[in-house]
Amino acid sequence: MTKTSPAMRIAVVISGSGSNLQAIIDAVAAGQLNATICCVVSNVPGVHGLTRAAAAGIATELIDHRGFDNREAFDQALCEAAHTHGADVIVLAGFMRILSDEFFKLWTGPMLNIHPSLLPSYPGMNTHERVIADGGRWHGASVHFVIPQLDAGPVIIRGACPVLPRDTAQALANRVHAVEHRIYPQALAWLAAGRLNLSENQVLLDGTRHP
Ligand code: GAR
């Protein structure tokens, strides 16, 4: 009899449309990612990502940051939700808040983020506008482990796309989204299969430096 390992339990944290969440939902449904999405947490009420989660029968939690006295109290509630739902991994998918140092004391498991640029280029906000303003020829997205420094954690996978003449930020964002929907499920599939490791801040895939 073959022993199968239990599916990795993912808490997905969002602030908006949730198209990356949808890509993860679809990858699980297609059998491309051996994981269970145990909950979807949003810090913003009424966002489309919550509707997507409910449509897929996934538990949702609204933790509105405006209801908390400070960042630490919000972060504690977020961490509690992940623990309550038995998450092994926290997956930030368009979550638009900065986590406090407190969060990293409370959550010691893996946490991944997707960022709309080819990190380490263009950390922070408004990446599409900045790449166009700089006349960049290439743009894309990166999935990385989260560390307390913003957008600075070890990169697991990058996906690139061209910047086209006369691109608007929205046109470029759409192209980047298509890349994101491919690379986030891929990174999670590697993690779920136990193929990713960290050694001295360097990502190893099957024991070899990556990307
Ligand atoms: C994505 O492009 C993601 O990379 C970005 O927000 C978008 C969310 O889209 N994340 C950040 O900027 C994090 N700082 P989605 O809600 O459709 O997945």
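Remember, it's 1-based here, ligands and their atoms both numbered in the order they're listed.
- Contact analysis puts Gly18 in contact with ligand 1, with a non-hydrogen atom separation below 4.0 angstrom.
- The side chain of His177, and not its backbone, has at least one atom closer than 4.0 Å to an atom of ligand 1 (non-hydrogen atoms only; side chain from C-beta on).
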Query - side chain to side chain contact (heavy atoms under 4.5 Å, CB included) assessment of Val163 paired with His139 - result: CA-CA 6 Å; Val163 183; His139 188 34; 3.8 Å; yes
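- Outside the 6.0 Å centre-distance limit, the rings of His144 and His115 are not counted as a close aromatic pair.
- By the 4.0 Å heavy-atom criterion, Ile114 is counted among the residues contacting ligand 1.
- Listed here is the closest heavy atom pair of Ile63 and Ala81: CD1-CB, 3.8 Å.
- The heavy-atom pair separating Ser17 from Arg52 by the smallest distance is O-NE, 2.6 Å.
- Counting only heavy atoms from C-beta outward, the side chains of Asp134 and Tyr122 approach each other to under 4.5 Å.
- At least one side-chain heavy atom of Val41 sits under 4.5 Å from a side-chain heavy atom of Leu78.
- Counting heavy atoms only, Met96 comes closest to atom 11 (C) of ligand 1 of the residues Met96, Glu180, Arg97, His181.
- Around atom 15 (P) of ligand 1, the closest heavy atom drawn from Ser15, Gly124, Ser19, Ala23 belongs to Ser19.
- Using a 4.0 Å cut-off to heavy atoms of Gly94, the atoms of ligand 1 that qualify are 6 (O), 8 (C), 10 (N).
- Of all the atoms in ligand 1, the ones that sit under 4.0 Å from a non-hydrogen atom of Pro116 are 4 (O), 5 (C), 10 (N), 11 (C), 12 (O).
- Remark: ligand 1 and Asn20 share an N or O pair separated by less than 3.5 Å (distance only, no angle test).
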